[in-house]
Amino acid sequence: MTKEENEKRLAHLKTIVQRLPGKPGSYQFYDQDHTIIYVGKAKNLKNRVSSYFHKEVDRFKTKVLVSKVWDISYTVVNTEEDALLLENSLIKKYNPRYNVLLKDGKTYPSICVTKEFLPRIFKTRTINKKYGTYFGPYSQISTMYGILDIIHKIYKPRTCRTPMTKEGIEQGKYKACLEYHIHNCNAPCISKQSYEDYQRNIAQAREILKGNTREVQRLLYAEMLKLAEELRFEEAEEIKQKNILLENFCSKSEVVSHTIQDVDVFTIIDDDANKNAFINYIHVKNGTINQSFTYEYKRKLDETDEELLLTAIPEIRERFHSNAKEVIVPFEMSWKLPDAEWFIPQRGDKKHLLDLSEMNGKQYKVDRLKQAEKLNPEQKQTRLMKELQDKLKLPKMPYQIECFDNSNISGTDAVAGCVVFKAMKPSKKDYRKYIIKTVTGPDDYASMQEVVRRRYTRMIEENTPLPDLIITDGGLGQMSVVREVVEGELGLQIPIAGLAKNDRHRTNELLYGNPPVTIGIDTKSELFNVLTRLQDEVHRFAITFHRDKRSKHALHSELDDIPGIGPKTRDLLLQHFKTVKRIKLADNQELINVLGQKKGEIIYKHFHQE
């Protein structure tokens with residue numbers, strides 16, 4: 001697009017904005033092909049739409065949207081509630097590119113009540129509203145099967161797929177199937193059950209699916225009493241058994257409070273990793289939670305939590321056929337709902353519902369994260385690196401982390417180890433062992449400086465990539481001596497952190513900065529577990545190296561110091577004579593018989609030099 005075309009486009013848009021009314025309504029943005037790319041709502045159309053074209057708009061995504069707009073249309077309504085509903089219906093109709101995107105829902109099953117002459121009730125993942133009425137979706141599959149099971153036990157709706165008509169039944173075109181003979185269906189197809197009775201059962205099943213179980217129980221109880229008065233005791237007993245089944249089913253539901261009749265609850269949990277949000281919905285009917293579901297919404301224009309909720313709530317309420325007059329939300333909402341009121345509880349049963357909804361949203365977030373990381377393990381590593389970067393405010397993600405540790409006993413056999421983690425996982429081929437050369441006695445600080453100096457001097461000489469973060473096994477002292485070498489002597493700008501232990505010798509805090517300060521990190525978090533694993537690994541590596549060196553020193557034999565005598569000859573001698581003392585006492589011929597002429601004489605001369 002040329003500069004002249006852009007100026008012409010903006011002039012056209014400003015003309016439209018100038019004549020917009022100051023009334024509530026919905027507005028639509030079109031691209032160059034006259035395709036709707038965004039649908040919005042406004043209490044005042046003129047003020048809201050003109051805000052997109054101010055020079056001080058600071059949202060990058062909003063700027064991108066405005067650059068794609070070539071035309072604007074709008075619809076005026078009477079109230080802000082109507083504007084909210086109109087926006088929702090237009091979004092569903094046109095699915096604009098830049099509007100909030102509902103990411104899930106189709107993956108979960110729903111329950112369908114068909115519109116057939118003799119309706120069926122079954123689970124499905126395909127939604128076609130011309131075919132029937134849908135209840136759900138159900139995130140807890142066990143809950144869905146529980147509802148289906150109770151409906152089939154009480155009402156026995158037909159399960160066959162045969163298309164049935166009133167004329168066909170009257171003409172006797174159909175035959176009873178096996179389900180009738182095993183008492184799972186009352187055979188309305190051959191008039192064993194009247195059409196009116198079947199439809200009454202389906203109507204009650206619908207009420208159960210809506211959550212009106214108490215109302216159904218009341219109807220069943222009244223019907224049972226009526227049959228008993230008419231002395232139809234067998235039929236009354238059947239109704240009683242249905243009522244008992246329904247009562248048992250209701251007792252398994254979570255009863256919040258019998259005073260709460262019909263309430264919707266919504267909470268929103270942010271997913272900071274990918275700018276999405278999880279919106280949990282709980283519906284309470286007659287004091288019982290009968291539906292709980294979490295949706296994932298994808299932000300397209302950095303929408304606020306309130307904007308996301310305002311978009312999601314009408315859509316979710318429509319999906320679940322909710323007409324609740326009270327909607328519980330976690331914060332104040334600037335828009336109103338038609339025929340419903342917002343409520344922000346501070347205590348009591350409704351606050352319990354709000355907390356329960358938030359807990360479900362958080363759990364769903366954790367489950368989705370685990371699922372994604374199971375399919376893509378690198379995602380977890382990247383998340384942990386990003387979390388550590390944010391905690392320490394590092395210039396880049398710490399892909400390569402190095403940690404050092406010393407090991408000695410009173411200064412003897414002093415060694416050190418360097419452990420390298422790449423992408424939060426051990427890179428064992430990059431581990432390095434060091435024998436302390438310049439330090440006498442047990443001086444951990446001097447030993448650490450020697451190792452760090454040797455490590456990074458060589459990396460500079462070999463032009464090897466330097467680490468993104470150094471972690472010392474210790475507190476302020478270790479960090480200070482490492483910084484003296486890294487920054488003071490070598491002039492390197494590598495971030496340095498420290499892992500400090502408590503009185504029980506357990507890692508309890510992460511230190512960073514100059515001067516070092518404690519970084520707030522949950523000791524039960526995944527990140528802290530990785531850092532603790534890094535510290536344990538460098539301990540293990542250094543101590544193992546020290547033990548190996550000490551063992552070799554302890555097993556050193558006088559035979560190892562004889563020129564011309566190697567490990568095989570030494571082992572052969574010890575195998576034959578058992579001890580060095582017996583080797584010393586052996587005569588020349590005995591040694592020659594074991595080793596041969598040349599090596600036998602070397603051993604004899606070594607021990608009999610006088």
Side-chain angles (χ1 to χ4, degrees), residues 12-31 34-54 57 59 61-62 65-66 68-102 105 264-268 277 279 281 295 297-344:
H12 171 67
L13 295 175
K14 288 179 180 178
T15 302
I16 297 174
V17 172
Q18 287 173 358
R19 63 171 186 259
L20 286 173
K23 295 181 178 180
S26 173
Y27 56 91
Q28 301 86 45
F29 289 164
Y30 297 82
D31 64 9
H34 212 261
T35 301
I36 294 180
I37 59 174
Y38 186 75
V39 173
K41 60 186 175 302
K43 296 179 181 179
N44 185 309
L45 283 168
K46 188 178 185 67
N47 292 344
R48 181 69 185 101
V49 177
S50 62
S51 69
Y52 285 95
F53 301 93
H54 291 163
V57 172
R59 290 185 183 178
K61 292 183 179 179
T62 305
L65 168 65
V66 172
K68 306 286 186 182
V69 178
W70 283 76
D71 199 4
I72 302 172
S73 66
Y74 62 92
T75 305
V76 178
V77 293
N78 292 320
T79 64
E80 60 185 67
E81 295 95 324
D82 293 336
L84 186 64
L85 293 178
L86 178 59
E87 180 204 36
N88 182 257
S89 62
L90 290 176
I91 289 174
K92 286 191 292 185
K93 181 177 180 179
Y94 295 107
N95 193 23
R97 177 181 177 184
Y98 288 97
N99 277 99
V100 171
L101 175 65
L102 173 62
D264 285 336
V265 186
F266 291 92
T267 53
I268 181 167
I279 295 177
Y281 166 68
Y295 288 97
Y297 280 86
K298 183 178 181 181
R299 288 182 169 90
K300 289 296 190 71
L301 296 173
D302 297 327
E303 291 86 356
T304 64
D305 286 354
E306 182 186 357
E307 289 172 333
L308 278 180
L309 274 180
L310 284 171
T311 301
I313 288 175
E315 180 179 2
I316 294 174
R317 279 167 59 88
E318 182 180 345
R319 277 174 175 251
F320 288 94
H321 313 289
S322 174
N323 296 313
K325 302 298 182 183
E326 186 175 337
V327 180
I328 296 175
V329 289
F331 44 73
E332 291 285 348
M333 306 287 281
S334 58
W335 286 73
K336 295 180 180 178
L337 278 179
D339 303 322
E341 295 290 335
W342 304 118
F343 186 75
I344 307 170

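Residue indices begin at 1 and follow the sequence shown.
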Nearest 0.5 Å, what's the [atom1]-[atom2] distance between [X] and [Y]?
| X | Y | atom1 | atom2 | value |
| --- | --- | --- | --- | --- |
| Leu310 | Thr304 | CG | OG1 | 8.0 Å |
| Phe331 | Leu309 | CZ | CG | 4.5 Å |
| Ile37 | Arg97 | CD1 | CZ | 8.0 Å |
| Lys23 | Asn78 | NZ | CG | 8.5 Å |
| Trp342 | Ile328 | CH2 | CD1 | 12.0 Å |
| Ile279 | Ile316 | CD1 | CD1 | 5.5 Å |

For [X] and [Y], work out which heavy atoms get closest and say how close.
| X | Y | value |
| --- | --- | --- |
| Ile72 | Val49 | CD1-CG1, 4.0 Å |
| Phe266 | Val327 | CD1-CG1, 3.6 Å |
| Trp335 | Ala83 | CZ3-CB, 4.0 Å |
| Leu20 | Leu45 | CD1-O, 3.9 Å |
| Glu87 | Gly40 | OE2-CA, 3.8 Å |
| Arg299 | Ala277 | NH1-CB, 3.8 Å |

Give the C-alpha distance, both sets of side-chain angles, the deciding distance and a yes or no for side-chain contact (heavy atoms from CB on, under 4.5 Å) between Tyr38 and Asn99.
CA-CA 6 Å; Tyr38 186 75; Asn99 277 99; 3.5 Å; yes
How about Phe29 and Tyr98: are their ring centroids closer than 6.0 Å?
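No; Tyr98 has its ring centre 6.0 Å or more from that of Phe29.
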Contact check, side chains of Met333 and Ile344, non-hydrogen atoms, under 4.5 Å
no
State, with a plain yes or no, whether a side-chain heavy atom of Val329 is found less than 4.5 Å away from one of Ile313.
yes
Between Leu86 and Lys41, is a side-chain contact (heavy atoms from CB on, under 4.5 Å) present by the stated rule, with each step listed?
CA-CA 8 Å; Leu86 178 59; Lys41 60 186 175 302; over 6 Å; no
Lys46 backbone acceptor or donor facing Ser50 side chain under 3.5 Å
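Flag set: sc Ser50 to bb Lys46 pair under 3.5 Å.
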Look at the side chain of Glu80 and the backbone N and O of Lys336, then say whether any donor-acceptor pair between them is shorter than 3.5 Å.
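At least one qualifying donor-acceptor pair exists.
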Quick one: do Leu65 and Tyr52 satisfy side-chain contact (heavy atoms from CB on, under 4.5 Å)? Show the steps, please.
CA-CA 9 Å; Leu65 168 65; Tyr52 285 95; 4.2 Å; yes
Counting only heavy atoms from other residues, nucleotides and ligands, does the tally under 6.0 Å from OH of Tyr74 exceed 12?
yes
In terms of heavy-atom contacts, does NZ of Lys43 have more than 12 from other residues, nucleotides or ligands at under 6.0 Å?
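Correct, the count exceeds 12.
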Assess the side chains of Ser26 and Gln28: does a donor N or O sit below 3.5 Å from an acceptor N or O?
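Side-chain D/A pair, Ser26 to Gln28: present.
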Are Glu306 and Ile268 close enough, and set up right, to give a side-chain contact (heavy atoms from CB on, under 4.5 Å), and what steps lead you there?
CA-CA 9 Å; Glu306 182 186 357; Ile268 181 167; over 6 Å; no
